[in-house]
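Because the structure is predicted, anything quoted here is derived from the model rather than measured. Convention: sequence-line order gives letters A, B, ...; per-chain numbering from 1.
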Amino acid sequence: METPEIRSCDVLVIGAGGAGMRAAIAATEAGCSTIVVTKSLLGKAHTVMAEGGIAAALGNVDPDDDWKVHFADTMLGGQLLNNWRMVEIYAHEVIDRVRELENWGGLFDRTPSGGIMQRAFGAHSWKRLCHVGDRTGLELIRTCQDRLTATGKADVCMEYTLTKLVRSGDRVVGAIGYKRSDGGFVVIKAKAVVLATGGWGKMYRYTSNSWEGTGDGAAMAYEVGAELLDMEFIQFHPTGMIWPPGARGILVTEAVRGEGGYLYNSEGKRFMFEYDPKKLELSSRDVVARSIYKEVKAGRGTPHGGAYLDIRHRGAEYIKKKLPSMHEQFHALAAVDITKEPMEVAPTIHYTMGGIKVDAETAASTVPGLYAAGEVAGGLHGANRLGGNSLGDILVFGRRAGEAAADWAKSHEEGSVSDAELDAEQKRVLQPLATPEKGEGENPYLLHEALQWAMQDDAGIARTEESLNRSLTAIQEIKERAKNMHVPGGRTMNPGWHTCRDVESMLTVSEAIVRSAIERRESRGSQWRLDYLEKDPEQAKVNYVTYKNGDSMSVKPVPHDPLPKEKEELLHHSRFFEEKKA
Amino acid sequence: MAQDATTKWTPPEHTGLAKESAFQRLRRRAPWWLLPLTVVTVLSAFIVYGMWTAFFGGKVYSAPYLSPFYSPQIWWNGPVTPALWVLPFPLLFRATCYYYRKAYYRSFFWDPPACAVGEARKKPYKGETRFPLFLSNLHRYAMYLAVIVLIFLWIDAVAAFDLNGHFYFGLGTAIMVINCIFLSAYTFGCHSVRHLVGGCVDCYSRVRGGAKRYEGWKFITRLNEHHAMWAWLSLFSVVATDVYIRLVMTGIIIDPHF
Amino acid sequence: MTDAAEATTDIRHTQDGRTGRTVHFSVFRGVPGANASYVTYDVPEVEGMVVLDAIHYIQKNLDMDLACRWNCKAAKCGSCSAEVNGHPVLMCKTRVDDLPEGTITVAPMKTFPLVKDLVTDVSRNYKVNASITPFTPRKDEPTPWNIKQHDIERLYEFRKCIECFLCMDVCHILRNHDLHEEYYGPRYFVRMAGLEMHPMDDADRTEEIRTEGGIGFCNITKCCTDVCPEHIHITDNAIIPMKERVADRHWDPIRRMFTKKKESAKPGTAAE
């Protein structure tokens, strides 16, 4: 066994996006020594990609808005599968979190009277999204980064990969991993661990996620016995780029439609008139995504298999002012001037509603000492997420997780990591660098691609029992092959080796997605089953929970906490109550 | 534009990806030394011409035109040529100007000659932290002086509309006015002016006249974005004005006028 | 094959976008202390291909071990900085068909210590960042804050920075003169300008900008502005205004006489 570098802290935060940094700020403010670990450099996390804004019912633009309406919109958007207590906490606290961000030096667009400006977004009753142009996520991450740096108390470990959470007795006591820069092993002992590793989209071929979205956090939590919730719910964003091939999947913000963009098929018809004549292009994300999908399948797709998104009628001046990033993105990557040409778009994997099952108040997972916040946690968004609720989510529950982890750390002693466990983990992680058992070994990049097609084709936007089973078979086959992964080179910054680790996480999470999707035999929210096109009132009462059962993965239906009478009445506050109730 | 399902719209032909223009390609592929070489040539030519006109060129005046090199008309008959009393101020302004500093640091000092190109110099680099280059920080005082000179140039330009009490408008008048416009755009688009007008304010809502100062700052910012262009245009227009008046004075050309 | 699969698989097989041409890449390979070299790879060109696509092709098919940083591949995170044909650029934004015919060279950023291949050690940047006086809000300001749009409009540009460090890479003071200890570098003047001009910030960083920051070293040759992928006017809007503020304090006795009292009367505003 190789002697690792050993570090200790009260609270270990894994992930340095918005949720991770907010948790670290909370933990240091509570007086705990904190280590933040990230796979990349600080400030590069996926949060920077968020464009629309933070949904918070400040009522600066529409005075009728308040937390109750926000609660109702979010619950109805999630088809009431949400953890209602989480939604209640969220709608209440996100208001303070936005103001706090401003007090830390963050900037927002302003109303004429000097308040924070708010914009309209799909399925929000009022103008609610606090924003700054179309780069709100970058503003959020930079503000949190500056705040975290200013306190100077958290130790940020950049470019570390953690491979395993360590459990001692019934609780989590730390993590094992390696430094990407030189491949040296580290053991980080912690009294409490906060997972803030974000979502997973990289097991799909066409995704707006960065390479980091491999689901390491969910996979590690699953391995130590945490339960995963609602894994079948994966949000397709209706508009991603499709051409050129290298840009496929990159997000085209919903704000294009918000600013009045039209969707056309190859026959030049605004097809949303057929699918949702009332809300047209601004219908909910799942409806628009499915409509584009149906048009393509009916042979009315664009040359590269999508739809045209046209904003030209707003005029060049307006487009450049309101959608500067989109103008630049299409100009640089596709050489398309969106003021003169329509964009070609198709649905792309965007967000994962499911994740680690957590307690609403403390963000504690089902394993003591382990907390989860942000996209890696499940429950807030139910069957579908509303735009603008993710940036709020990471702030509200990032803070709560950090505080709860600090409380836990104060009342617990440091645990120990056994040499046997460390030795086994080192052998496992180093295996792809050793001589392969069979032949030349498997190329992790090619396994990743095979997995992507298996998920994209058979567990994507439209699902059937048959396709899902086919996907499951493929996953199991790839899992077998993955045991024989081999990469050349050493341990210094070896991306092939890093990919082996990613593939393992993605296989675990993919299996959870497919198994849960098989169980939910209905169409609800983002889950669209061609063999069960209707909603099933019985399944509306349950969440599907994935857990480790010995050596295999099991899924069980768990009835969720019913909405109390007085909370149910709040639902009437939403302007979409009538149509969503059905 | 299509507002309903019945209105049809023709999908575009697949045009392929647009390429950069020939000019952009030329600019990108031009060798890195081309720009510094041009700057050295043009600036040197200006200095040589300025020296020549100041010391040997004689007084350039042909009613109603007065060359910018000889304005204001103080010490018209003094012991040395009047240009020497006037020239130092605009020269000082240009020497400390943020744009010209870039131009000559790159072209004359080769510090750096171009971006991401190695530097030959091995001496310790001090930038603008030591004498004499740190004197560039006095740019704003040079600006005040340059504004005074500019006022005189405008007076000259207005005076050129008047020949012996009669309205006069010739090609020379137009050239003098254009020269003044270029010089004004250059002088008032200066970074120091921008700073004094609004750049130094942290919160416009909390200073007197803040909204106006912000508007002023925005206007100067628009000029300032093209500061390099105004710097070169005004340099050429000064020389052009001098040359034109010299040609009229010597009778080589006859000033067309109303 | 179900309905679900048809649409996507059709596209996959018929439209990989290959143009039929091959592009040659000469990529820096090596670690510190060992013999580094440029290795040539042949990559099939795909329509609209960017340099990062080619690096990914190489990693997947030719050389799994080639190290390179990247995250979003959409020019939003600023991770994939490198020098392509000698120009500091984001690889995800640099289209192959925009580059001249012939072999394309890809090298790591020269200013920072090499880790491996295209990856450099940029940790010093984070140290500089930590030493800057952070945002210090005015005291006794009632929340929620009232800020007018025109008070923050010019700050937006500074907040666009994605920390790709291309400006730090191209800056000759760091790149050629190695004044890493004396000079903060363009990125951090952008940050300081954003803090100094913040309407609610109460700290005064003028001395810090002059001494620790070493703003006098900048000779405004604007290479940082040229390479910025976010088109931030680093020199004109961040560095020069900071130089002017330093001049207010150290080179303008007249102005100082006039403004001293007002400054203390109005916290947060520089001289009026």
Chemist: Given a strict heavy-atom distance threshold of 4.5 Å, which part of C:Asn219 is in contact with chain B: side chain, backbone, both, or neither?
Modeler: both

Chemist: Under a 4.5 Å cutoff for heavy-atom pairs, which residue among C:Lys222, C:Lys148, C:Met200, C:Lys110 has the most contacts with chain B?
Modeler: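 Going by pairs under 4.5 Å, I would pick C:Lys222.
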
Chemist: Supply the atom-to-atom distance B:Tyr214 OH to C:Arg154 CZ, rounded to the nearest 0.5 angstrom.
Modeler: 8.0 Å

Chemist: With no hydrogens and no angle check, is any side-chain donor or acceptor of B:Tyr125 less than 3.5 Å from a backbone partner on C:Asp178?
Modeler: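 Answer holds: no.
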
Chemist: Could you grab the distance from atom CG of B:Asn137 to atom CG of C:Asp252, nearest 0.5 Å is fine?
Modeler: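 Reported to 0.5 Å precision, the distance equals 10.5 Å.
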
Chemist: Take a 6.0 Å sphere around CZ of B:Phe219 and say whether it holds more than 12 heavy atoms from other residues, nucleotides or ligands.
Modeler: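 Not more than 12 within 6.0 Å, no.
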
Chemist: Do C:Glu141 and B:Arg206 meet the salt-bridge criterion of a basic N to acidic O distance under 4.0 Å?
Modeler: yes

Chemist: Hey, mind stepping through B:Val201 and C:Met197 against side-chain contact (heavy atoms from CB on, under 4.5 Å) and telling me if it holds?
Modeler: CA-CA 7 Å; B:Val201 179; C:Met197 295 182 196; over 6 Å; no

Chemist: Using residues 42-49 of chain B as the side-chain source, report each donor-acceptor pair under 3.5 Å to any protein atom, sequence neighbours left out, with the distance given to one decimal.
Modeler:
unit_1: B:Ser44; atom_1: OG; unit_2: B:Val40; atom_2: O; d: 2.5
unit_1: B:Tyr49; atom_1: OH; unit_2: B:Asp242; atom_2: OD2; d: 2.5

Chemist: Measuring from C:His150:NE2 to B:Tyr204:OH, what's the distance to the nearest 0.5 Å?
Modeler: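 Result: 8.5 Å between the selected atoms.
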
Chemist: Any disulfide (SG to SG under 2.5 Å) involving residues 181-223 of chain C? Give me the pairs, sequence neighbours left out, ordered by first then second residue.
Modeler: B:Cys115-C:Cys223

Chemist: Just so I understand: if I count every heavy-atom pair under 4.5 Å between each of B:His191, B:Arg140, B:Lys218 and chain C, which residue has the most?
Modeler: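 Heavy-atom pair counts peak at B:Arg140.
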
Chemist: If we define contacts as heavy-atom pairs under 4.5 Å, which of B:Gly199, B:Ala114, B:Ser205 has the most with chain C?
Modeler: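 Ranked by contacts with chain C, first place is B:Ser205.
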
Chemist: Can you tell me which of C:Leu179, C:Val170, C:Asp236 forms the most heavy-atom pairs within a distance under 4.5 Å of chain B?
Modeler: C:Asp236

Chemist: Determine which residues belonging to residues 98-108 of chain B lie within contact range of chain C, meaning some heavy atom pair is under 4.5 Å apart, and list them by number or answer 'none'.
Modeler: B:Tyr98, B:Arg101, B:Lys102, B:Tyr105, B:Arg106

Chemist: Among C:Cys171, C:Cys224, C:Gly216, single out the residue with the greatest number of heavy-atom pairs under 4.5 Å to chain B.
Modeler: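 Max contact count across the listed options: C:Gly216.
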
Chemist: Could you tell me which non-hydrogen atom of B:Cys203 sits nearest to which non-hydrogen atom of C:Asp151, and how far apart they are?
Modeler: C-OD1, 3.6 Å

Chemist: Out of C:Val227, C:Thr111, C:Asn237, which one racks up the most heavy-atom pairs below 4.5 Å with chain B?
Modeler: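 Of the candidates given, the most pairs with chain B belong to C:Asn237.
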
Chemist: Would you kindly say whether C:His177 and B:Asp111 are connected by a side-chain donor-acceptor distance under 3.5 Å?
Modeler: yes

Chemist: Would you give the length of the straight line joining atom CD of C:Glu244 to atom SG of B:Cys190, rounded to the nearest 0.5 angstrom?
Modeler: 7.0 Å

Chemist: Chain C heavy atoms under 4.5 Å from B:Arg130: which part of the residue, side chain, backbone, both or neither?
Modeler: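 When you check distances to chain C, no heavy atom of B:Arg130 falls under 4.5 Å.
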
Chemist: How long is the gap from CD on B:Glu128 to CZ on C:Phe217, to the nearest 0.5 Å?
Modeler: 11.5 Å

Chemist: Is the closest basic N to carboxylate O distance between B:Asp202 and C:Arg138 below 4.0 Å?
Modeler: no

Chemist: Does any pair with a residue in residues 224-252 of chain C pass ring-ring contact (aromatic ring centres under 6.0 Å, His included), and if so which ones, sequence neighbours excluded?
Modeler: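 Of all non-adjacent pairs touching residues 224-252 of chain C, those that pass ring-ring contact (aromatic ring centres under 6.0 Å, His included) are B:Phe134-C:Trp251.
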
